[in-house]
There are 2 protein chains.
Amino acid sequence: MPKKVVPEEARRRRRPTRQGAVLSEALIVETALRVLREHGTAGLTARRLGAALGADPSTLYRYFTGMDDLARAVGNELMGRALDGWTAGRGWRADLRSLGLALHSSYLAHPQAAVLTASRVSGRAREIAVDEAILGILRGAGLSDEAAVRFYHAFIDLTLAFAALDAGSLALPEEARRTDEDMWASTYARLPAASHPNIAATAGHLAARMPHSAYPVVLETLLDGIAAEPATAPQLRPGRSRRP
Amino acid sequence: MPKKVVPEEARRRRRPTRQGAVLSEALIVETALRVLREHGTAGLTARRLGAALGADPSTLYRYFTGMDDLARAVGNELMGRALDGWTAGRGWRADLRSLGLALHSSYLAHPQAAVLTASRVSGRAREIAVDEAILGILRGAGLSDEAAVRFYHAFIDLTLAFAALDAGSLALPEEARRTDEDMWASTYARLPAASHPNIAATAGHLAARMPHSAYPVVLETLLDGIAAEPATAPQLRPGRSRRP
DNA sequence: TTGTAAGGTCAACCGCGTTGGCATAAGGAT
DNA sequence: ATCCTTATGCCAACGCGGTTGACCTTACAA
């Protein structure tokens with residue numbers, strides 16, 4: 001058992017496993033994403049990941065201190081993928097909106113992985129890059145440092161919190177997911193108007209809206225809130241505001 | 001092993017366990033909350049809960065179909081506790097704000113339980129009661145059914161998503177929590193201004209704000225968004241708006 | 001008073017993360 | 001080319017997890 005994990009950039013010897021695979025941190029993370037997709041959130045086990053890699057489970061401890069550490073590496077990978085498919089330059093509001101949606105959908109593209117990682121701070125490089133980008137947009141929009149941090153905090157936590165929540169239902173086994181979605185059309189729609197007048201009156205709207213994410217709605221109200229914040233620097237470029 | 005779980009209200013025989021305890025769904029849920037607080041999110045195991053109740057682990061399967069079902073019952077309990085400590089009647093904006101904060105703090109009062117349950121829909125009675133209350137406030141404020149449902153969805157998902165996120169860090173072992181919080185004062189504060197100018201410039205604000213929840217900030221922007229929605233009914237009582 | 005089955009217990013199954021010991025081959029030094 | 005070191009892989013085992021099937025035992029209905 002390793003006394004310490006060797007950092008990826010210091011690795012020299014790449015001994016193939018008995019079954020011929022040459023391991024690396026990137027290969028393990030990538031394989032973990034595949035295993036998560038195929039076997040679900042609880043299906044990422046050291047034994048199964050080892051088998052998928054053609055390696056002994058204990059070998060993973062040469063690369064990560066434990067399954068927890070591996071999970072954080074997976075989270076960092078999702079952050080990086082979001083940032084890769086994103087470009088700035090169309091004004092603070094459009095940039096912030098597109099970054100939020102990119103993060104949200106990067107996580108939802110791997111729901112089982114998102115459930116496992118979205119609530120944890122990895123502190124790794126690509127996560128820090130995302131933080132830097134958000135603060136840059138807000139400060140570039142002319143907000144004071146205090147306001148920039150206040151809204152950075154709101155923005156990133158909102159995005160990750162919704163990523164985790166929305167991923168939660170997507171990550172359910174197909175059958176359970178349909179059951180949950182149907183609940184709005186069955187259980188809730190059948191509550192008697194006498195005891196639950198408001199649910200009864202809106203059952204149709206509920207069934208139509210609840211299976212989708214509320215993230216875009218809340219994100220827009222947050223952007224409205226940012227737009228209403230007085231700027232302290234002259235370069236404020238006002239985005240499309242709710243009250244033009 | 002039971003073929004089927006007998007619903008709580010149909011139970012007749014209350015045989016005490018070998019160690020004298022008389023079981024019930026309520027006692028089990030209450031004990032689960034205690035075990036969660038004492039042993040953490042991963043510490044709620046059938047064996048440990050059985051021991052805390054003075055019963056065999058397999059006895060739990062007479063009351064719940066599995067640990068998953070038990071978790072949903074715990075979540076329903078947290079919903080109920082929030083609703084118990086809440087009263088309406090001070091206008092839609094104050095009512096919605098206080099209900100959101102009540103839910104948020106009810107979950108944060110049991111962080112280990114919140115992590116386990118906040119992302120799951122229980123479909124049980126007290127959760128439905130919360131849904132009915134929210135829809136009632138919004139429709140009572142004069143919103144159209146469509147708008148009421150849109151903002152109900154945003155409100156409940158926002159609240160639960162933040163409850164889960166914020167509970168996540170509170171539920172960490174004391175040492176890990178301090179490490180996470182200190183990260184803003186150590187790792188982030190030490191990033192060179194050359195590569196991360198925006199983080200470097202705001203390090204002080206970050207260290208001060210990040211350990212707290214962003215929920216109140218986002219909630220207010222959502223309430224602003226609701227206030228800006230045109231009412232279709234005459235009884236709209238405008239709350240304190242951002243633009244008076 | 002008696003029969004039934006609800007609600008307990010017991011023992012066992014298999015999978016989990018993790019660890020200590022060991023084998024081997026990669027790659028720098030000579 | 002050869003040797004030596006040690007990184008990196010494998011193996012076996014530990015304790016704990018959820019869950020199950022078979023089996024008692026006793027509260028209640030008839």
message: Using heavy-atom distances to pick each residue's nearest nucleotide on DNA chain C, tell me which of A:Thr65 and A:Arg48 is more 5'.
response: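 Per heavy-atom nearest nucleotide, the more 5' residue is A:Arg48.
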Atom [atom1] of [X] and atom [atom2] of [N]: how far apart are they, to the nearest Å?
X	N	atom1	atom2	answer
B:Leu70	D:dT19	CG	C1'	14 Å
A:Met67	C:dT19	CE	P	13 Å
B:Phe64	D:dG18	CZ	P	15 Å
A:Asp56	C:dC22	CG	P	16 Å
B:Leu23	D:dA27	CG	P	14 Å
A:Asp69	C:dG17	CG	P	15 Å
B:Leu60	D:dT19	CG	C1'	11 Å
B:Arg62	D:dG21	CZ	P	12 Å

- request: Ignoring the backbone of A:Tyr63, work out which of C:dG17, C:dC16, D:dG9 is nearest its side chain.
  value: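 Among C:dG17, C:dC16, D:dG9, the one nearest the side chain of A:Tyr63 is D:dG9.
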- prompt: Can a donor-acceptor pair be found between the side chains of A:Glu132 and B:Asn198 at a distance below 3.5 Å?
  reply: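 On atom types as modelled, these side chains qualify, holding a pair under 3.5 Å.
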- request: Pull out every residue in residues 25-36 of chain A that has a heavy atom closer than 4.0 Å to any atom of DNA chain C, ordered by number, or say none.
  value: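 Those residues whose heavy atoms fall under 4.0 Å from DNA chain C, taken from residues 25-36 of chain A, amount to none.
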Every protein N/O lying under 3.5 Å from an N/O of nucleotides 14-16 of chain D:
none

message: Angle between the end axes of the helix from C:dT1-D:dA30 to C:dT30-D:dA1, five pairs per end, to the nearest 10 degrees?
response: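 That helix gives 10° between its end axes.
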task: Check whether any side-chain nitrogen or oxygen of B:Thr59 sits under 4.0 Å from OP1 or OP2 of C:dT9, and answer yes or no.
output: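 Checking B:Thr59 against C:dT9: at least one side-chain N or O falls below 4.0 Å of OP1 or OP2.
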With sequence neighbours excluded, what pairs up with [X] under the side-chain contact (heavy atoms from CB on, under 4.5 Å) test?
X	answer
B:Ala52	B:Thr31, B:Arg34, B:Val35
B:Ala203	B:Ala189
A:Ser119	A:Ala164, B:Leu165
B:Asp69	B:Phe64, B:Thr65, B:Arg72, B:Arg124

- prompt: Which residue pairs pass the side chain to side chain donor-acceptor pair (under 3.5 Å) test when at least one of the two sits in residues 186-197 of chain A, sequence neighbours left out?
  reply: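 The answer is A:Tyr188-B:Asp131.
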Residue pairs passing the side chain to side chain donor-acceptor pair (under 3.5 Å) test where at least one lies in residues 38-54 of chain A, sequence neighbours excluded: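 Of all non-adjacent pairs touching residues 38-54 of chain A, none passes side chain to side chain donor-acceptor pair (under 3.5 Å).
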- prompt: Taking the nucleotide of DNA chain D with the closest heavy atom to each, which residue, B:Leu44 or A:Arg18, is nearer the 5' end?
  reply: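 Closest to the 5' end, via its nearest nucleotide, is A:Arg18.
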- prompt: Nearest heavy-atom pair of A:Ser169 and A:Arg177: which atoms, and what distance?
  reply: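 Nearest pair, atom of A:Ser169 first, then A:Arg177: O-CG, 3.0 Å.
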Contacts under 3.5 angstrom, residues 101-118 of chain A side chains, donor-acceptor by atom type, not counting sequence neighbours:
{"unit_1": "A:His104", "atom_1": "NE2", "unit_2": "A:Asp166", "atom_2": "OD2", "d": "2.8"}
{"unit_1": "A:Ser105", "atom_1": "OG", "unit_2": "A:Leu101", "atom_2": "O", "d": "3.0"}
{"unit_1": "A:Ser105", "atom_1": "OG", "unit_2": "A:Ala102", "atom_2": "O", "d": "3.4"}
{"unit_1": "A:Ser106", "atom_1": "OG", "unit_2": "A:Leu78", "atom_2": "O", "d": "2.9"}
{"unit_1": "A:His110", "atom_1": "ND1", "unit_2": "A:Arg37", "atom_2": "NH2", "d": "3.1"}
{"unit_1": "A:His110", "atom_1": "NE2", "unit_2": "A:Arg81", "atom_2": "NH1", "d": "3.4"}
{"unit_1": "A:Thr117", "atom_1": "OG1", "unit_2": "A:Ala113", "atom_2": "O", "d": "3.1"}

- prompt: Looking at A:Leu222, A:Ile137, A:Leu219, which one forms a side-chain contact (heavy atoms from CB on, under 4.5 Å) with A:Leu96?
  reply: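 Exactly one pass, corresponding to A:Ile137.
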- prompt: If you look only at pairs with a residue in residues 159-179 of chain A, which of them pass as a ring pair (Phe, Tyr, Trp, His ring centres under 6.0 Å), with sequence neighbours excluded?
  reply: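 For residues 159-179 of chain A, and leaving out neighbouring residues, the ring pair (Phe, Tyr, Trp, His ring centres under 6.0 Å) pairs sorted by first residue read A:Phe162-A:Tyr215.
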field: Listed partners of A:Trp184 passing side chain to side chain donor-acceptor pair (under 3.5 Å), at least two apart
entry: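 Once residues adjacent in sequence are excluded, A:Trp184 has no partner under the side chain to side chain donor-acceptor pair (under 3.5 Å) criterion.
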- prompt: Could one point to a donor on the side chain of B:Ser58 or the base of C:dC10 with an acceptor on the other under 3.5 Å away?
  reply: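 Per atom types, the contact qualifies.
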